[in-house]
2 protein chains.
Amino acid sequence: MTEPRYREIKRSIVASIRSGMLKPGDRVQSEAEIVEQFGVSRMTANRALRELTDAGLLTRRSGAGTFIADAKPIGHMIEIRNIADEIRARGHAYRSRVLRNDAIKADAKQATLLDVRVGVRLFHSIIVHHEADFPIQLEDRLVLASAAPGYGETDFHQQTPNEYLTRIAPIARVEHRVTAALPDPEVRALLGMQELDPVLVMDRRTWSGDRLVSHATLTHPASRYALTATFEVKLD
Amino acid sequence: MTEPRYREIKRSIVASIRSGMLKPGDRVQSEAEIVEQFGVSRMTANRALRELTDAGLLTRRSGAGTFIADAKPIGHMIEIRNIADEIRARGHAYRSRVLRNDAIKADAKQATLLDVRVGVRLFHSIIVHHEADFPIQLEDRLVLASAAPGYGETDFHQQTPNEYLTRIAPIARVEHRVTAALPDPEVRALLGMQELDPVLVMDRRTWSGDRLVSHATLTHPASRYALTATFEVKLD
DNA sequence: GAGTGGTCTAGACCACGAC
DNA sequence: TCGTGGTCTAGACCACTCC
């Protein structure tokens, strides 16, 4: 019934990361230090650190120590790295155009998307992300106001909604739905597309804890964007 | 330098699964039995079984035993379950139409796709997969003949190429690329699509061991098919 | 009641890294 | 040299399942 010791240790370290107390590259306690702090045997300390390492949160170097891993691929496929990082990783300039970021009350359709009642307070943002001056993603996002009170005042030229949300509300679950479509004229104009050029549409729902906190529709010109995803089967 | 004991135990169990000796639902050795067979301590046996459980290959029931897990989502997102399973899971009839399955020698383009030299022996299959009599996927696949010698004689009405390949060559790595397009008239006809209806195209490359063994282009009518993928962050 | 997994301990030996 | 992680042992107690 009581929580296992190794899990308590894991939670403690995860909490330090989430609170921002520990940042990528920082050193965490050695096994010996955990043995002292928590009064456990070394095997238990080792298990906690090893499991967090397997999960990708830590990296260990024998002889040196255990450190917070940088970046978080946060998934093996369709990485949730935000579009800005993705663009910069390709060596291109990133720029965004914020079309709106309003506080609203959910209408029937929006309430369905976020699984809340009509009238619940939301934020609604629409942003066009550019890669080297070409629009590459139209992001239409709904955010539960109670989960992200400061969303409406955030300057999304400085950081993407994705970055903001992952900072204030740790992601517990993400669901994607990907399909193809022909864009309506408005979307086509916003993305600077030719007629008859299809779009790749990704609907992304994000949970924090048990709560569905955000729904985003990400629309990309197929001629300029493809999703890639790799999965490795590792058995050792 | 020498292989850790827990990894040796894991390899032994994985080998039993791959060889077909152990099937989903079968019981594997208990920790006590592994202690005897391998002459290790129980902690070492436990680690081997626990890691294979975390990896999804086994399931454990305290008091009952350790068993081979069924199915293999083989990834947390864009599951590699083949299209036939996917259709049947939705409660629909699955049917396939095999348009070709030929032994060929790689031309320049095919050689590039599979990263081999021109002239290497390949199989080339084209199959249309139907859900409840509606075409839902056009599968155009190249397979390295040396990795799957029996591919050309396999009846792909009985099992999908995916099923066949995963059985004879354990998948080590999968890479996806997803994009949207407007189909050319031939593809449109094969998939029974309206004009101006876009397709969702997934290129999938599959490695077994270090070898790239297959390249498949999977084309879906956007009106009838969407990719979905979920990722859960679990920290315990 | 016998067997199973889940957890934990208090030691141990080793290779490696930093100093 | 000393601290680090990587591995392993031979016990232990418990809750659970199956018979």
Side-chain angles (χ1 to χ4, degrees), chain A residues 1-17 21-70 234-236, chain B residues 1-17 21-70 234-236:
Chain A
M1 197 77 274
T2 73
E3 177 175 50
R5 307 287 271 133
Y6 74 89
R7 205 175 289 185
E8 178 191 344
I9 298 168
K10 288 173 72 174
R11 272 201 309 102
S12 142
I13 293 171
V14 169
S16 299
I17 298 176
M21 212 171 74
L22 291 177
K23 283 185 246 311
D26 288 356
R27 193 173 180 285
V28 307
Q29 304 101 305
S30 72
E31 296 187 358
E33 286 162 347
I34 290 176
V35 165
E36 279 212 3
Q37 282 179 39
F38 289 83
V40 296
S41 76
R42 210 194 125 198
M43 276 300 274
T44 301
N46 175 273
R47 177 168 176 182
L49 293 180
R50 178 157 40 81
E51 290 190 355
L52 289 178
T53 303
D54 290 345
L57 271 80
L58 304 177
T59 57
R60 314 193 75 182
R61 281 184 296 129
S62 179
T66 303
F67 307 86
I68 308 291
D70 44 26
K234 55 164 192 281
L235 288 175
D236 42 25
Chain B
M1 199 75 277
T2 73
E3 178 175 52
R5 307 287 270 132
Y6 74 88
R7 203 174 290 186
E8 178 190 345
I9 298 168
K10 288 174 70 174
R11 271 202 308 102
S12 143
I13 293 171
V14 170
S16 299
I17 299 177
M21 211 170 74
L22 290 177
K23 283 185 243 314
D26 288 356
R27 193 174 180 286
V28 307
Q29 305 101 304
S30 71
E31 297 187 357
E33 286 163 346
I34 290 177
V35 166
E36 278 213 2
Q37 284 180 37
F38 289 85
V40 297
S41 76
R42 209 192 126 200
M43 277 300 274
T44 301
N46 176 275
R47 176 168 178 182
L49 293 180
R50 178 158 41 81
E51 290 192 353
L52 288 178
T53 303
D54 290 345
L57 272 80
L58 304 177
T59 57
R60 315 194 75 182
R61 280 186 299 129
S62 180
T66 303
F67 307 87
I68 309 289
D70 45 26
K234 57 165 194 283
L235 288 176
D236 43 25

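Residue numbering restarts at 1 for every chain, and letters A, B, ... go by the order of the sequence lines.
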Distance col, row B/S12:OG vs B/I17:CD1, nearest 0.5 angstrom, shows 9.5 Å
Just the rounded figure in Å: distance from [atom2] of [N] to [atom1] of [X].
{"X": "B/K10", "N": "D/dG6", "atom1": "NZ", "atom2": "P", "answer": "14 Å"}
{"X": "B/Q29", "N": "C/dG3", "atom1": "CD", "atom2": "P", "answer": "17 Å"}
{"X": "B/E51", "N": "C/dG5", "atom1": "CD", "atom2": "P", "answer": "16 Å"}
{"X": "A/I34", "N": "C/dC8", "atom1": "CD1", "atom2": "P", "answer": "13 Å"}
{"X": "B/L49", "N": "C/dG6", "atom1": "CG", "atom2": "P", "answer": "9 Å"}
{"X": "A/R50", "N": "D/dT4", "atom1": "CZ", "atom2": "P", "answer": "18 Å"}
{"X": "B/N46", "N": "D/dT7", "atom1": "CG", "atom2": "C1'", "answer": "14 Å"}
{"X": "B/R7", "N": "D/dC8", "atom1": "CZ", "atom2": "C1'", "answer": "15 Å"}

#### Entry: Beyond-backbone contact of B/L58 with B/I68, side-chain heavy atoms, under 4.5 angstrom
yes
Review point. Is any side-chain heavy atom of B/L49 closer than 4.5 Å to a side-chain heavy atom of B/I13?
Key: yes
Residues 38-45 of chain A, side-chain donor-acceptor partners within the protein, below 3.5 Å, at least two apart:
from, atom 1, to, atom 2, distance (Å)
A/R42, NE, A/E31, OE1, 2.6
A/R42, NH2, A/E31, OE1, 3.0

Is any side-chain N or O of [X] closer than 4.0 Å to OP1 or OP2 of [N]?
{"X": "B/R60", "N": "C/dT4", "value": "no"}
{"X": "A/R5", "N": "C/dT9", "value": "no"}
{"X": "A/Y6", "N": "C/dC8", "value": "no"}
{"X": "A/R47", "N": "C/dC8", "value": "no"}
{"X": "A/S30", "N": "D/dT4", "value": "yes"}

Note: contacts of residues 36-45 of chain A with DNA chain C (heavy atom, under 4.0 Å) are A/G39, A/V40, A/S41, A/R42, A/M43, A/T44
* Could you tell me whether A/R5 and A/E8 have a side-chain N and a carboxylate O separated by less than 4.0 Å? => yes
Pull out every protein N or O sitting under 3.5 Å from an N or O of nucleotides 16-19 of chain D, one pair per line with the distance.
from, atom 1, to, atom 2, distance (Å)
D/dC18, OP1, B/R61, NH1, 3.2

Sorted by chain and number, sequence neighbours left out, side-chain contact (heavy atoms from CB on, under 4.5 Å) with A/S62 holds for none
Taken in chain and number order and not counting sequence neighbours, the residues that satisfy side-chain hydrogen bond (donor to acceptor under 3.5 Å, both in side chains) with B/E36 are none
| message | Run A/T66 and A/T59 through side-chain contact (heavy atoms from CB on, under 4.5 Å) and show every step you take. | response | CA-CA 6 Å; A/T66 303; A/T59 57; over 6 Å; no
Are the side chain of B/E51 and the backbone N or O of B/A48 linked by a donor-acceptor pair below 3.5 Å? no
